[in-house]
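Counting convention: from 1, in listed order, for ligands and their atoms alike. All values reported here derive from a predicted model rather than from experimental measurement.
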Amino acid sequence: IQHSEPDRNLPWPQDRTVVMGILNVTPDSFHDGGRYERIKDAVARAEAMIDAGADVIDVGGESTRPGADPVEIEEELDRVVPVVEELADLEVPISVDTRRPEVARAVIDAGADVLNDVEGLQDPEMRRVAAETGVPVVLMHSIEAPVDPENEIHYDDVVEETIRELGDRLLAAEKAGVDREQVIIDPGIGFGKTAREGFELLDRLAEFEALGCPLLFGHSHKSMFGLTGEQAGAAPNSTIAATAIAARNGADIIRVHDVAENVAAVNVADAAADPEGFEP
Ligand SMILES: Cn1cnc2c(O)nc(N)nc21
């Protein structure tokens, strides 16, 4: 499977699988230190991920784990804006994972290059931000985020239904003035989907090409790997194996915690996809 035609003005290479490093700036992702310590630590971790081969850094101030507590807007701003300001000077683009238009506007003003919306631009105000700023936006499929674990969502064909619902979101975004060229789609692994549905999506990723947008796959350390003998938050080996399969099945961007290991996995997939043309 080749990558989507390299004709979009996205801020990363389009002739190979791109690795997005996850930078959580939630308090539980730091040992207790002051605010300044946290910002310094976040920048150091971003730099380490860049050194390990990350093509883009995804900054998130609010956990989207199932059942996570929502964070006040002021708190989310206080967590992400200072970090984005520091990272804006680094040589790789910065993505921000937020569901809030206020935060989206603030981080774009602070230098963020990409919006990562786990709610798939369901908020009309988020569509307006994307349309007005023209920044690339990740449109992730999720019935709700964070998902209420009690909310039993059932799919007949998770791939078909996810593609159809993403298509509807894409149309709504285009109606609001968002250019299809700025949209990256994402099946939303684990958001209201079972482990087996996660593997079904992984296996049939190529079907998402129908939407004509680059595809982001975010499986790192997720609960689907309970099926493969690891567990949520501690699934490094399954994550790396799934990265290679996802890249080979057409994922254009892989969103991961452990950058070096997953860079190797995408390189293996890209080399297998084009043994003559692959360049290390
Ligand atoms: C923030 N976040 C957590 N999981 C994610 C996924 O699978 N995709 C995207 N785009 N963001 C995610």
Lys/Arg-Asp/Glu bridge criterion (N-O < 4.0 Å) met for Asp270, Arg248: no
Electrostatic pair Glu207:Arg204 at N-O distance under 4.0 angstrom: yes
Under-4.0 Å salt bridge between Arg35 and Asp78: yes
Enumerated ligand 1 atoms positioned under 4.0 Å from heavy atoms of Asp97: 1 (C)
Charged tip of Arg16 within 45° of Phe278 ring normal and under 6.0 Å: no
Numbering as shown, the atoms of ligand 1 that approach Gly218 to under 4.0 Å (heavy-atom distance): 7 (O)
Per-atom contacts, ligand 1 versus Asn116 - under 4.0 Å to a heavy atom: 9 (C), 10 (N), 11 (N)
Thr243: which of Arg255, Glu261, His219 passes side-chain hydrogen bond (donor to acceptor under 3.5 Å, both in side chains): His219
Test item, Lys222 contacting ligand 1 (heavy atom, 4.0 angstrom): yes
Residue part near ligand 1, for Val118, under 4.0 Å between non-hydrogen atoms: side chain
Asp117 bridged to Arg99 by N-O distance under 4.0 Å: no
Atoms of ligand 1, numbered as shown, that sit under 4.0 Å from any heavy atom of Thr64: 1 (C), 2 (N), 3 (C)
Options Asp186, Ile253, Leu139, ranked by nearest heavy atom to atom 9 (C) of ligand 1, top entry: Asp186
Protein contact of atom 3 (C) of ligand 1 - nearest heavy atom, named by residue and atom, plus distance: Arg255 NH1, 3.4 Å
Aromatic ring pairing Tyr155/His141, orientation class (parallel under 30°, perpendicular over 60°, tilted between): tilted
Proximal ligand 1 atoms for Val138, defined as those under 4.0 Å from one of its heavy atoms: 10 (N)
Under-4.0 Å heavy-atom contact with ligand 1, by part of Phe191 that carries it: side chain
